[in-house]
Amino acid sequence: MPSITFYNGTSLLKKVEATKGRTILATAKQGRVALRHKCGGKASCLTCKVTIPDQSAISAPEPKEARKLGESNLEKGIRLSCQTRVYGDIEAVIPEDPYKARIRALLEQARQE
């Protein structure tokens, strides 16, 4: 049975057993891993992006996902977790929430003043 190891930046979050052929988003929900999403897996909101360093054990991007993400993001290993199916062990890096990143930056700036 494949597994997904979720990271938040470089910090390990959780390793979750995945059903072969299931999406990363569905597996994250099953394993109670916080992964932002708004559209319910329809590839319309683009909030469920993850970075997959080694893409040998996942599905190829469907035309809809490729169109939404663009070639440059796909080349960087960025995928939509709602569209990407798992066929073997993978690592998925969840990006920091942009709102949390902004707050963190403001707090850091305030500390330096």
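Basis for what follows: all heavy atoms, side chains included, without hydrogens, waters or symmetry-related copies. None of the values given here were measured: they were computed from a predicted structure.
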| task | Quick one: closest heavy-atom pair of Lys14 and Gly31, and the distance? | result | NZ-O, 2.6 Å

| field | Side-chain donor or acceptor of Lys64 paired with backbone N/O of Ala43 under 3.5 Å | value | no

| query | Do Leu35 and Val93 share a hydrophobic cluster (ILVMFWY, side-chain heavy atoms under 4.5 Å, transitive)? | reply | no

| With hydrophobic residues grouped by side-chain heavy-atom distances under 4.5 Å, do Val86 and Ile52 end up in a single group? | yes

| field | Closest approach of Asp89 to Ser3 (non-hydrogen atoms, all atoms of both residues) | value | OD1-N, 2.9 Å

| said: Show the nearest heavy-atom pair for residues Thr84 and Glu65, with the distance to one decimal. | reply: OG1-OE2, 3.5 Å

| query | Nearest heavy-atom pair of Lys38 and Thr47: which atoms, and what distance? | reply | N-OG1, 3.4 Å

| Are any of the side-chain heavy atoms of Lys76 and Asn73 separated by less than 4.5 Å? | yes

| said: Using 0.5 Å steps for rounding, measure from the CD atom of Gln55 to the CD1 atom of Ile78. | reply: 10.0 Å

| query | Would Arg111 and Glu108 pass as an ion pair if we require N to O under 4.0 Å? | reply | yes

| said: Within this structure, what is the CD-OG distance for the pair Gln83 and Ser59, rounded to the nearest 0.5 Å? | reply: 8.5 Å

| Euclidean distance, Arg67 CZ relative to Glu62 CD, rounded to 0.5 Å | 11.0 Å

| request: Nearest 0.5 Å please: distance from the CG atom of Leu25 over to the SG atom of Cys82. | output: 6.5 Å

| note | In short, Leu74 meets Pro61 closest at the heavy-atom pair CD2-CG, 4.0 Å

| Any Val33 side-chain heavy atom under 4.5 Å of Ile4 side chain | no

| request: Hey, could you give me the OG1/CG distance between Thr23 and Leu80, rounded to the nearest 0.5 Å? | output: 11.0 Å

| Arg36, CZ: over 12 other non-hydrogen atoms inside 6.0 angstrom | yes

| message | Count I, L, V, M, F, W, Y as connected when their side-chain heavy atoms are under 4.5 Å apart, and connections chain through other members. Are Tyr7 and Ile90 then in the same cluster? | response | no

| query | Taking atom CD1 of Ile58 and atom CD1 of Ile24, what is their separation to the nearest 0.5 Å? | reply | 5.5 Å

